[in-house]
Amino acid sequence: MLWLASLNEELGITAIIGRRVARVRHKYRNGGAIDLQFFVVREFDGALENRIFNDMRWAPLTELPGYDFLAADLGLIRDLSEGKLL
């Protein structure tokens, strides 16, 4: 199933969203928790803009572990870089 989503606030684009590839529930040491869902995006309209992130770039999946990610993202990054999700 594909659906159209606005990622304007974060990236300045509208995207066609594909299948969900991961769901991460992470509890931080301070007691906070986050529930993240990650989806495939193969098509989008608009020019990517870095509207809220410290850094943004295209990179091969195998290079992802070399970048600084939040603790909640580390398992996903490992699985992506090892070819387990895509």
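Just so you know, these numbers use all the heavy atoms, side chains as well, and skip hydrogens, waters and symmetry mates.
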Legend entry - Asp68 CG: over 12 foreign heavy atoms closer than 6.0 Å: no
Inset, instruction - Kindly work out whether a path of hydrophobic side-chain contacts (I/L/V/M/F/W/Y, heavy atoms less than 4.5 Å apart) joins Ile13 to Ile52. - result: yes
Inset, instruction - Please name the pair of heavy atoms, one in Arg51 and one in Gly12, separated by the smallest distance, quoted to 0.1 Å. - result: CZ-CA, 3.6 Å
Legend entry - Minimum heavy-atom distance Tyr28-Ala71, with the two atoms named: CE2-CB, 4.5 Å
Inset, instruction - Would you check if Leu11 and Met56 make a side-chain contact, meaning some heavy-atom pair closer than 4.5 Å? - result: yes
Legend entry - Atom pair CG/CG of Asp79 and Leu86 - distance to nearest 0.5 Å: 10.5 Å
Inset, instruction - Compare every heavy atom of Ala15 with every heavy atom of Val41, then report the nearest pair and how far apart it is. - result: CG1-CB, 3.7 Å
Inset, instruction - Please collect all side chain to side chain donor-acceptor pair (under 3.5 Å) contacts where either partner lies in residues 30-40, sequence neighbours excluded, each pair once. - result: Arg20-Gln37, Arg23-Asp35
Inset, instruction - Using a 4.5 Å cut-off on heavy atoms from C-beta on, say whether the side chain of Leu76 contacts that of Phe38. - result: yes
Legend entry - Enclosure of Glu63 CD (heavy-atom neighbours >12, cutoff 6.0 Å): yes
Inset, instruction - Describe, in one word, how the ring planes of Phe39 and Trp3 are oriented to each other, choosing from parallel (under 30°), tilted (30 to 60°) and perpendicular (over 60°). - result: perpendicular
Inset, instruction - Quickly, which of Val21, Ile17, Ile16, Leu85 forms a side-chain contact (heavy atoms from CB on, under 4.5 Å) with Val40? Name it, please. - result: Val21
Legend entry - Member of Leu80, Leu36, Val24, Leu64 meeting the side-chain contact (heavy atoms from CB on, under 4.5 Å) criterion with Asp73: Leu36
